[in-house]
Amino acid sequence: MRLLFVCVGNTCRSQMAEGIARDLGHEAASAGTHPPESGRIAKYAIEVLEEIGIDTSGLRPKNINAVYPGEYDAIISMGCGVSCPTIPIDVDWGLEDPHGGEKGVYRKTRDTIRLLVSNLVEGHTDA
């Protein structure tokens, strides 16, 4: 499946989802409505992905305006109330933002995302 994960900052959940989805064989991207000017992903998001062997080298925050929604089979919001009038959100996974939390919080979020992405079946995004 071609998946797009969206949230506000595009530094934690959506980045982890992109990396996990790619690792599981999907074509995936992520974007945010307000990505940071620093262009950096949360340190713990990178670390917890690398702990389970996921390549993080291509991950970076991107603005939602840089993606074309028609290229994706499903567009999934991470749970941050993202409202994009020009981007049709197929489902909101309702995940709490680990930003600012301890590494264990990021691990829990990573594991939840991994389960949700693993359960995706073409046409069914609510795992």
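FYI, the numbering just counts along the sequence from 1.
- The shortest non-hydrogen separation linking Ser30 to Asn10 is OG-ND2, 2.9 Å.
- How far NE2 of His34 is from CD1 of Ile64: 11.5 Å, rounded to the nearest 0.5 Å.
- Put simply, the side chain of Ile75 reaches to within 4.5 Å of the side chain of Tyr72, judged on heavy atoms.
- The environment of NZ in Lys43 is sparse: at most 12 heavy-atom neighbours from other residues, nucleotides or ligands sit within 6.0 Å.
- To the nearest 0.5 Å, atom CZ of residue Arg107 and atom CG of residue Asp111 are 9.0 Å apart.
- Residues Arg110 and Glu51 are paired through a salt bridge, judged by an N-O separation under 4.0 Å between the basic side chain and the carboxylate.
- Here the side chains of Tyr44 and Thr109 are not in contact, with every heavy-atom distance at 4.5 Å or above.
- Contact check on Glu71 versus Arg2 returns no salt bridge, with no Lys/Arg side-chain nitrogen under 4.0 Å from an Asp/Glu carboxylate oxygen.
- For the pair Met16/Pro98, a side-chain contact is recorded, criterion being any heavy-atom separation below 4.5 Å from C-beta on.
- The shortest distance between side-chain heavy atoms of Cys7 and Ser77 does not fall below 4.5 Å.
- The 12-atom threshold is exceeded at CD of Glu47, counting heavy atoms of other residues, nucleotides or ligands nearer than 6.0 Å.
- In this structure, the side chains of Pro61 and Ile41 come closer than 4.5 Å at one or more pairs of heavy atoms.
- A salt bridge links Lys62 with Glu18: at least one charged nitrogen is closer than 4.0 Å to a carboxylate oxygen.
- The two atoms that bring Asp97 and His99 nearest to each other are OD1-N, 3.0 Å, heavy atoms only.
- Using a 4.5 Å cut-off between side-chain heavy atoms of Ile, Leu, Val, Met, Phe, Trp and Tyr, with links allowed through other members, Met1 and Met78 fall into the same hydrophobic cluster.
- A heavy-atom distance below 4.5 Å is not found between the side chains of Ile89 and Ile76.
- Side-chain contact between Asp23 and Val117 is absent, with no heavy-atom pair separated by less than 4.5 Å.
- For the residue pair Tyr106 and Gly100, the shortest heavy atom distance occurs at OH-N, 3.6 Å.
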Test log, rule side chain to side chain contact (heavy atoms under 4.5 Å, CB included), inputs Val6 and Thr33: CA-CA 8 Å; Val6 298; Thr33 57; over 6 Å; no

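- In terms of hydrophobic clustering, with Ile, Leu, Val, Met, Phe, Trp and Tyr side chains grouped at heavy-atom distances under 4.5 Å, Leu3 and Leu24 are assigned to a common cluster.
- Between Ile52 and Arg114, some side-chain heavy-atom pair lies under the 4.5 Å cut-off.
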